[in-house]
Amino acid sequence: MEIKVNQAAEKGKRPEDSALGFGQVFTDHMFVMDYSEQKGWHDPRIEPFSDFSLSPAAMVFHYGQAIFEGLKAYKTSDNKIQLFRARDNYKRLNRSARGMCIPEVDIDLAMDAMKQLIKIEKDWIPETVGTSLYVRPCIIATDPFLGVRASLTYRFFIILSSVGAYYAEGLNPVKIWVSKDHVRAAKGGVGEFKTAGNYAASLIASEKANKEGYAQVLWLDGIERKYIEEVGAMNIFFIIKDEVVTPDLSGSILPGITRKSVLALARKWGMKVVERKISVDELFQAHEEGSLLECFGSGTAAVISPVGEIRYGEKVIQIGDGNPGATSMKFYDALTGIQYGNKEDTEGWIEVID
Ligand SMILES: *Cc1c(COP(=O)(O)O)cnc(C)c1O
């Protein structure tokens, strides 16, 4: 399918790198394609970034059939544009699509559309260390219908946002708060899909954590409220003695691409790696015994987010000495080194756009 390109008449200006936050600055163009039963996915086009016109009855507004992805394009010091494991994002988008009764997209077409769009918007990619162009593919249900069933029409779009360095002031360990009252997802539900409703469902616990002075919520499993699942919208890792421990993908955990990359590097480096259930009691016990050495979250936005304090009810534990742990930093340096082209891509994770 040919992708039509309609250039914007006016071009915006990218703010200074130091003024960039997250997800506020959008580029001049977007990619859009529509789906109907008769035509399948059709009319792929790059057009000026603009508002959509949708019926107030569009199903996405009522029943939440919406899925998305998040990845980044990085500018290297020799001015190349790099993507990190981008195909995996579209494979996961299709996995989310199957889970939410949304028609899958052609991965080659989606990759091609994204790369063309990024090329057109290359001046929007900031250059300072840690900055990037955030890519947000999304699919929404557009049928104007109030009956409950899967929509018959959809829109797929990709928007781009110039984003600042996540760690403008260095990797300060964050404080996280175990939610006792709320759960993010339950096995058999949609927790393993990147769907909008999971985020809506997470907000109340997040607000409570923030009010208590904690940056993120540590989620426990939805059934026994015992086993650790994720932190905020990141996967979670613990260094216990000489082992790298992360919850196994039990059905309610989002299969993070950063998670998968941390696991691959750890195995490659000969570390002991275990994906298994880990209860919050075991974690606090390990801390008591002095064997909980490090904890960090993993996700595209932060890459690695060291955790320095965990609160569970009235119990509070400190991890480390206020600085990010050595192993956390080792993963951070290796991943960002590959993403920004400062380290050799030994795993074949990088795709250069040219
Ligand atoms: C996107 C996401 C992650 C992290 O996935 P990455 O592919 O590493 O960015 C983790 N948990 C949740 C709930 C997410 O939505």
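Please read all numbers here as calculations on a predicted model, not as lab measurements. Throughout, numbering of the chain's residues begins at 1 and tracks the sequence.
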Should S202 and W219 be marked as a side-chain contact (heavy atoms from CB on, under 4.5 Å) after you check the CA-CA gap, both sets of side-chain angles, and the distance that decides it? CA-CA 9 Å; S202 75; W219 298 104; 3.5 Å; yes

Taking the side chain as everything from C-beta on, heavy atoms only, tell me whether I125 gets closer than 4.5 Å to S132. no

Distance-only polar pair, side chains of E121 and H29, donor-acceptor under 3.5 Å: yes

Applying side chain to side chain donor-acceptor pair (under 3.5 Å), which residue pairs with at least one partner in residues 137-157 are found, sequence neighbours left out? D34-R155, Q65-Y154, T142-T153, D143-R149, D143-T153

Given the rule in the salt bridge (charged side-chain N to carboxylate O under 4.0 Å, His left out) test, do E224 and K277 qualify, once you have shown the distances and angles that lead to the verdict? CA-CA 12 Å; E224 296 179 67; K277 272 185 163 43; 5.8 Å; no

Between CD1 of I338 and CD1 of I350, what distance do you get to the nearest 0.5 Å? 7.0 Å

Are K187 and E192 within salt-bridge range, i.e. N to O under 4.0 Å? no

With K13 via side chain to side chain contact (heavy atoms under 4.5 Å, CB included) - residues at least two apart: none

Measuring from L117:CG to I158:CD1, what's the distance to the nearest 0.5 Å? 6.5 Å

Using 30° and 60° as the class boundaries, would you call the ring planes of F237 and F296 parallel, tilted or perpendicular? parallel

With a 4.5 Å heavy-atom cut-off, do D181 and K208 have their side chains touching? yes

Report yes if some heavy atom in the side chain of P44 is under 4.5 Å from a heavy atom in the side chain of F31; otherwise report no. yes

In terms of side-chain geometry, is the basic nitrogen of D333 or K343 positioned less than 4.0 Å from the acidic oxygen of its partner? no

What's the spacing between L133 CG and K75 NZ if we round to 0.5 Å? 9.5 Å

Ion pair check, E69 and R92, cut-off under 4.0 Å: yes

Is the number of heavy atoms from other residues, nucleotides or ligands within 6.0 Å of CD (E289) greater than 12? yes

Using the test ring-ring contact (aromatic ring centres under 6.0 Å, His included), find all partners of F193 that sit at least two apart in sequence or belong to another chain. none

Set of side chain to side chain contact (heavy atoms under 4.5 Å, CB included) partners for T327, sequence neighbours left out: I239, M271, E294, F331

Side chains of V178 and I176: does their closest heavy-atom pair fall under 4.5 Å? no

Is there a donor in the side chain of T76 and an acceptor in the side chain of D78, or the other way round, less than 3.5 Å apart? yes

Who passes side chain to side chain contact (heavy atoms under 4.5 Å, CB included) against K211, sequence neighbours left out? none

Main chain of Y227, side chain of D221: is a donor-acceptor contact present, judged purely on distance under 3.5 Å? yes

I need the full list of side chain to side chain donor-acceptor pair (under 3.5 Å) pairs touching residues 98-114, with sequence neighbours left out, sorted by first then second residue. R87-D108, R98-E104

Does a salt bridge link E282 with R276, judged by any charged N lying under 4.0 Å from a carboxylate O? yes

Distance-only donor-acceptor hits, side chain of residues 297-310, under 3.5 Å, sequence neighbours excluded:
from : atom 1 : to   : atom 2 : distance (Å)
E309 : OE1    : Q318 : NE2    : 3.4
E309 : OE2    : Y214 : OH     : 2.7

With sequence neighbours left out, what residues match Y199 under ring-ring contact (aromatic ring centres under 6.0 Å, His included)? F68

For H287, all residues meeting side-chain hydrogen bond (donor to acceptor under 3.5 Å, both in side chains), sequence neighbours excluded: none

Considering only residues two or more places apart or on different chains, which pairs with a residue in residues 111-148 satisfy ring pair (Phe, Tyr, Trp, His ring centres under 6.0 Å)? F22-Y134

If I take atom OG1 from residue T27 and atom NZ from residue K122, how far apart are they, to the nearest 0.5 angstrom? 13.0 Å

Taking the side chain as every heavy atom from C-beta outward, state whether N6 and I46 have any atom pair closer than 4.5 Å. no

With ring centroids as reference points, do F52 and F157 lie under 6.0 angstrom apart? yes

Is there a side-chain contact between V32 and E47 in this structure, where contact means two heavy atoms from C-beta onward sitting under 4.5 Å apart? yes

Could you check whether K241 pairs with E243 (Lys NZ or Arg NE/NH1/NH2 to Asp/Glu carboxylate O, under 4.0 Å)? no

Got a salt bridge between R184 and E229, using NZ or NE/NH1/NH2 to carboxylate O under 4.0 Å? no

Short question: side chain of Q82, backbone of Q339 - any donor-acceptor pair under 3.5 Å? yes

Does M114 belong to the same Ile/Leu/Val/Met/Phe/Trp/Tyr cluster as L93, with side-chain heavy atoms less than 4.5 Å apart forming each link? yes

Would D43 and K4 count as a salt bridge (charged side-chain N to carboxylate O under 4.0 Å, His left out) if you check the C-alpha gap in whole Å, the side-chain angles of each, and the deciding distance to 0.1 Å? CA-CA 8 Å; D43 199 12; K4 277 201 213 95; 3.7 Å; yes

Is a side-chain donor or acceptor of S328 paired with a backbone partner of P324 at a separation under 3.5 angstrom? no

Treating S96 as the side-chain partner and K194 as the backbone partner, does any N or O pair qualify as donor plus acceptor under 3.5 Å? yes

Nearest 0.5 Å please: distance from the CD1 atom of I236 over to the CD atom of Q216. 9.5 Å

Is a side-chain donor or acceptor of N235 paired with a backbone partner of E230 at a separation under 3.5 angstrom? no

Do the side chains of L292 and V316 join up, straight or via other hydrophobic residues, at under 4.5 Å, putting them in one cluster? no

Donor-acceptor pair, R267 side chain versus L265 backbone, under 3.5 Å? no

When you measure from the side chain of N94 to the backbone of A97, do you find a donor-acceptor pair of N or O atoms at a distance under 3.5 Å? no

Name all pairs fulfilling the ring pair (Phe, Tyr, Trp, His ring centres under 6.0 Å) condition that reach into residues 335-354, sequence neighbours left out, sorted by first residue then second. Y74-Y340, F84-W349

Side-chain donor or acceptor of K180 paired with backbone N/O of G313 under 3.5 Å: no

Y63 side chain to G147 main-chain N or O, any donor-acceptor pair under 3.5 Å? no

Are H42 and S36 side-chain neighbours, meaning at least one heavy-atom pair lies under 4.5 Å? yes

Does Q7 reach the side chain of D28, with side-chain heavy atoms less than 4.5 Å apart? no

Within the 6.0 Å centroid threshold, strictly below: Y167 and Y332: yes

Do R136 and S161 have side-chain N/O donor and acceptor atoms under 3.5 Å apart? no

For D17 and E127, indicate whether the former's side chain and the latter's backbone hold a donor-acceptor pair under 3.5 Å. yes

Residues that N323 engages under side chain to side chain contact (heavy atoms under 4.5 Å, CB included), provided they are two or more places apart: D321

Does L109 belong to the same Ile/Leu/Val/Met/Phe/Trp/Tyr cluster as I120, with side-chain heavy atoms less than 4.5 Å apart forming each link? yes

Salt bridge flag under 4.0 Å for residues D88 and K260: yes

Straight-line distance of I257 CD1 to K91 NZ, nearest 0.5 Å: 9.5 Å

